[in-house]
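Computed from a predicted structure; not experimentally measured.
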Amino acid sequence: MLSFFWQVTYAVPAWIWAFVADRPQVLHVHCFGPNGVYAGVLGGISRRPLVISAHGETLADAHGVFDTSALLRGALKAALRDSAAVTGCSKVTLEDLETRFALPPDKGRVVFNGIDPEEPCSSSAPLNTVGSYVASIGRVVHTKGFDLLLAAFARLPQELDRVRLVIGGDGPDLPRLRTMATELGCKERVVFPGRLDRGQVCRVISDATVLVVPSLVEPFGIVVLEGWRAGVPVIATTLGGPPEFVSDGVDGLLVDPRDTDRLTHALSRVLRDKSYAQRIGAAGHTRSLAFTWANVADRYARIYQEVTS
């Protein structure tokens with residue numbers, strides 16, 4: 001019997017033993033993936049309350065993993081069903097869980113993302129990111145809408161031909177964007193600095209004249225908060241989470257990036273009217289103070305208290 005006990009013991013994965021040793025009160029999964037599959041198993045074994053926080057992984061994954069993996073879809077549906085609480089970084093994110101993954105409408109709650117108000121910037125900007133420029137930052141994939149921004153930028157009036165566009169980040173769409181810039185005749189005014197570290201991201205945004213978030217789908221948009229923190233006027237997409245926390249014309253501008261004329265007009269207005277740009281940027285900076293990680297942590301702490309009481 002002792003020999004059999006040891007064989008069974010050694011057959012149990014190490015992550016289960018680590019979990020048992022730690023004796024946590026709550027299981028909390030952010031960005032459901034393989035981690036969520038493990039947590040679902042552990043939750044069933046340990047009978048610990050499971051909290052799931054969705055950050056747009058079902059909406060904005062460029063590879064559509066939840067569309068192609070029946071295993072992951074099934075695991076997510078089961079985890080949502082059995083969870084003690086579910087949060088989304090926006091209403092849009094929760095609505096997708098309700099529509100495609102059977103989340104009960106009364107089970108989800110929105111917990112916005114946050115930002116470090118004191119995150120340091122690099123001492124200098126990446127090469128060629130100086131002067132007046134429009135900035136856009138993110139993984140260079142189709143869903144980020146950089147091609148839509150490039151098309152709008154190429155249509156700016158001639159009086160703004162000294163303004164440049166900086167698209168910071170790396171990804172599979174980068175070669176296509178370079179070709180597009182050449183075809184649109186603005187190659188000399190578009191800068192692709194490539195992958196940026198956190199300090200460089202902060203510097204590129206802080207030194208920008210305007211920050212644009214042109215995503216085709218944006219579950220939340222932490223980059224909006226990064227622009228607000230820097231006091232830079234932000235033009236954000238209407239497609240996704242930003243309309244839930246950005247007040248159009250007050251602390252930012254909301255534009256459907258598929259509407260090239262409107263996006264070009266918004267860029268022109270911010271670039272031409274400095275007082276307007278400063279007013280929008282200042283309002284955004286004030287608004288950013290409500291989005292600290294301390295506030296986010298407090299929201300989660302209250303949820304933990306609810307599910308363990």
Side-chain angles (χ1 to χ4, degrees), residues 31 33 55-69 122 124-156 160-224 226-227 232 234-240 242 255-264 266-267 271:
C31 292
H55 296 276
E57 58 274 19
T58 60
L59 277 172
D61 176 34
H63 302 291
V65 65
F66 284 92
D67 296 322
T68 58
S69 173
S122 292
S124 60
L127 184 65
N128 294 329
T129 56
V130 294
S132 180
Y133 62 85
V134 176
S136 198
I137 304 289
R139 178 162 165 71
V140 187
V141 294
H142 175 67
T143 54
K144 289 300 182 181
F146 294 125
D147 55 336
L148 305 177
L149 172 58
L150 190 53
F153 175 79
R155 296 176 61 175
L156 285 174
L160 296 173
D161 62 3
R162 292 190 177 183
V163 176
R164 290 188 294 171
L165 171 62
V166 176
I167 297 177
D170 197 7
D173 266 21
L174 198 53
R176 183 173 71 90
L177 292 180
R178 293 184 188 276
T179 300
M180 185 178 175
T182 300
E183 293 172 347
L184 291 172
C186 58
K187 176 183 177 181
E188 302 302 322
R189 296 194 294 131
V190 181
V191 180
F192 298 100
R195 184 178 180 84
L196 304 171
D197 62 31
R198 289 300 312 157
Q200 290 173 320
V201 168
C202 179
R203 176 56 58 197
V204 168
I205 291 175
S206 295
D207 291 347
T209 307
V210 56
L211 174 68
V212 184
V213 184
S215 307
L216 286 166
V217 55
E218 188 62 60
F220 178 75
I222 288 182
V223 69
V224 173
E226 292 175 319
V232 172
V234 176
I235 300 173
T237 181
T238 58
L239 307 176
V255 178
D256 185 335
R258 298 169 298 183
D259 189 333
T260 305
D261 288 340
R262 288 195 62 190
L263 184 51
T264 301
L267 283 169
L271 292 169

> Do Ser206 side-chain atoms and Cys202 backbone N/O form a donor-acceptor pair below 3.5 Å?
Replying inline: yes
> Could you walk me through whether Arg178 and Lys187 pass the side-chain contact (heavy atoms from CB on, under 4.5 Å) check?
Replying inline: CA-CA 7 Å; Arg178 293 184 188 276; Lys187 176 183 177 181; over 6 Å; no
> So which pairs with a foot in residues 145-154 pass salt bridge (charged side-chain N to carboxylate O under 4.0 Å, His left out), sequence neighbours left out?
Replying inline: Asp147-Arg176
> If you measure from OH on Tyr133 to CG on Asp207, what distance do you get to the nearest 0.5 Å?
Replying inline: 4.5 Å
>> How close do Leu196 and Gln200 get, counting heavy atoms only, and between which atoms?
In response: CA-OE1, 3.4 Å
> Leu150 and Leu184: which non-hydrogen atoms are nearest, and at how many Å?
Replying inline: O-CD1, 3.9 Å
>> Just verifying a value: how many Å separate Ser215 OG and Leu239 CG, rounded to the nearest 0.5 Å?
In response: 8.5 Å
>> Does anything in residues 194-223 form a ring pair (Phe, Tyr, Trp, His ring centres under 6.0 Å)? List the pairs, not counting sequence neighbours.
In response: Phe112-Phe220, Phe220-Phe245
> How many angstroms lie between atom CZ of Arg258 and atom CG of Leu263, to the nearest 0.5 angstrom?
Replying inline: 12.5 Å
>> How long is the straight-line distance from CZ of Arg139 back to CG of Leu174, given to the nearest 0.5 Å?
In response: 11.0 Å
>> Between the side chains of Arg164 and Glu188, is the shortest nitrogen-to-carboxylate-oxygen separation below 4.0 Å, so that they form an ion pair?
In response: no
>> Quick check: closest heavy atoms across His55 and Pro219, and the distance to 0.1 Å?
In response: O-CB, 3.8 Å
> Where is the tightest heavy-atom contact between Phe146 and Gly138, given as atom of each residue plus distance?
Replying inline: CZ-N, 3.8 Å
> Taking all non-hydrogen atoms of both residues, which atom of Phe153 and which atom of Val163 are closest, and how far apart?
Replying inline: CZ-O, 3.3 Å
> With no hydrogens and no angle check, is any side-chain donor or acceptor of Ser136 less than 3.5 Å from a backbone partner on Ile167?
Replying inline: no
> Does Arg203 use its side chain to pair, donor to acceptor, with the backbone of Ser122 at less than 3.5 Å?
Replying inline: yes
> Checking side-chain contact (heavy atoms from CB on, under 4.5 Å) against Leu216, which of Leu148, Thr237, Asp256 comes through?
Replying inline: Leu148
> How far apart are the closest heavy atoms of Val141 and Asp173, and which atoms are they?
Replying inline: C-OD2, 3.7 Å
> Does one side chain, of Ser132 or Thr209, offer a donor that lies under 3.5 Å from an acceptor on the other?
Replying inline: yes
>> My understanding is that only residues two or more places apart in sequence, or in another chain, count here; which of them pass ring-ring contact (aromatic ring centres under 6.0 Å, His included) with Phe66?
In response: Phe101
